[in-house]
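Read the structure below first, then the notes.
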Amino acid sequence: PGIQAFSSMTLQETPAAPTVLPTRTIWLMAISVGVIVANIYYVQPLLAAVAREFHLTVAGAGAIAMLMQVGTALGMLFFVPLGDTHERRALVTRLVLASSLALALFALAPNVWWLGAAGVVVGALGATVHVIVPFAAHLAPEQQRGRVLGFVFSGLLFGILLARAFSGFVGAHLGWRAVFWIASAMMLAVAALLRTQLPRSEPEVDLSWTQLVRSAAGLVRRHYTLREASLQGALFFAGFSAFWTTLAFRLETPPFHYGSTVAGLFGLVGAAGAAGAPIVGHCADKRGPRVAVLLALIVAMIAFLVMGFAGATIMGLVVGVVILDLAVQSGHVANQTRIYALDAGARSRINMVYMVCYFVGGALGSYVGALAWHAAGWWGVCGLGLAAMLPGMALVLRREPPA
């Protein structure tokens, strides 16, 4: 009610005190983005089980993970810009309802072609979180905006981390299809809550989707920093996805012989590394985000070396996961710090460009990582991760042209 009153004020009315976004609304948006983004990551600990049921090779299972991330990149391109031109509550509700249907279709898949097509749609609708985050920024008053965005982004991060643990546990006890039936039901609940608890939020611009994308292309041409950060983000996520796509297969082989439960628990292990990302964010504030990106690249290379040399032990994998999550989350935070400073009036479109590249990199990493596993085993995956960091290192070490 407070937000509705605020939005209906005329220019002549002066509020007695700044409107504050209710705590329950902030919590709802944070939990919602966590539950929605998890849909993209449930499949990773389950790939070995999916491969057995559909008689897929490791590369075939990697293609399923790749298609989900291709879908997310497409969702970033097609759905995220609509947040600037459509009433946001209705748009988000429709996208979440569609996500419920897509997850049910994924759970019903009778063959691999159906599974792949449903995976693309599930991934595309996972991009809904990047409609909700700007929605939160729009609802929050200026003096509260930073805290609100930080809290909502934390929900997104924990959704990514907890998704693998949840799907690994449920998949081990109820089968992989049950994970997606439960996810489908959760989307229905989220849609009902968002529809009834969030205020309406009318768009401020009247542009077609084509005009929005054309203006984003102009931003890419204009800003070298956006091009560099987008490529680095893609490389980070490529190495990260190569690891997570093949981890379930690594844990099934000697000397481990573990199932999806243990593969999923590694998502919780990664939380320890991700929690260190604010330290690198502080470095970005003190020394500049480009230095923070360089540190993140170095730490990622160390992670792949650790997992290569010590990946035959659980402790070696645990240490590698902690370091890798620290590196990737830190690089992501530092790169977003760089791009959001480019043009305050175009942050949504800048974020769209960055995230499309990010998930295209992740999609390629998932598929090529599976091929590397098939061709050269665990060292093939770790070598691919190392190789992915090298172009990013070359970019950050050269002199940066004017933005």
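Basis for what follows: all heavy atoms, side chains included, without hydrogens, waters or symmetry-related copies.
- Classified by interplanar angle (parallel below 30°, tilted 30° to 60°, perpendicular above 60°), the ring pair F309/W379 is perpendicular.
- Across N335 and A229, no two heavy atoms sit closer than the pair OD1-CB, 3.4 Å.
- The distance from the CG atom of L97 to the CG atom of L188 is 6.5 Å, given to the nearest 0.5 Å.
- Summarising the geometry of S100 relative to M187, their closest heavy-atom pair is CB-CB, 3.6 Å, with the distance given to 0.1 Å.
- By the ring-ring contact (aromatic ring centres under 6.0 Å, His included) test, F249 pairs with no residue at all, sequence neighbours left out.
- No side-chain heavy atom of Y41 sits under 4.5 Å from any side-chain heavy atom of L162.
- With sequence neighbours excluded, the residues forming a side chain to side chain contact (heavy atoms under 4.5 Å, CB included) with A118 are L105, F106, W114, listed by chain and number.
- The closest side-chain heavy-atom distance from S99 to N39 is below 4.5 Å.
- Side chains of Q232 and R290: a donor-acceptor N/O pair is absent below 3.5 angstrom, by distance only.
- Nearest approach of I182 to F166, heavy atoms of both residues: CG2-CZ, 3.8 Å.
- Here the CE atom belonging to M29 is positioned 12.5 Å from the CD atom belonging to Q197, to the nearest 0.5 angstrom.
- Applying the side chain to side chain contact (heavy atoms under 4.5 Å, CB included) rule to A216 yields the partners R349, M352, V353; only residues at least two apart in sequence or on another chain are considered.
- Within the 4.5 Å cutoff, the side chain of F237 has no heavy atoms near those of the H332 side chain.
- Scored by the ring-ring contact (aromatic ring centres under 6.0 Å, His included) test, F135 finds no partners at all (sequence neighbours excluded).
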From CA spacing to verdict: salt bridge (Lys or Arg N to Asp or Glu O under 4.0 Å), E228, R398: CA-CA 11 Å; E228 180 184 284; R398 72 192 293 260; 5.3 Å; no
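- Within the structure, every pair that satisfies the side chain to side chain donor-acceptor pair (under 3.5 Å) test and touches residues 57-76, not counting sequence neighbours, is listed here: Q69-S241, Q69-S366.
- Between W176 and F180, the ring planes are perpendicular. Angles over 60° get that label, and only those under 30° would be called parallel.
- Put simply, the side chain of F359 does not reach to within 4.5 Å of the side chain of L74, judged on heavy atoms.
- In this structure, F79 has no ring-ring contact (aromatic ring centres under 6.0 Å, His included) partners at least two apart in sequence or on a different chain.
- With contacts defined as side-chain heavy-atom distances shorter than 4.5 Å, the pair R164/Y42 does not qualify.
- In this structure, W373 and T253 have side chains that are in contact, with non-hydrogen atoms separated by less than 4.5 Å.
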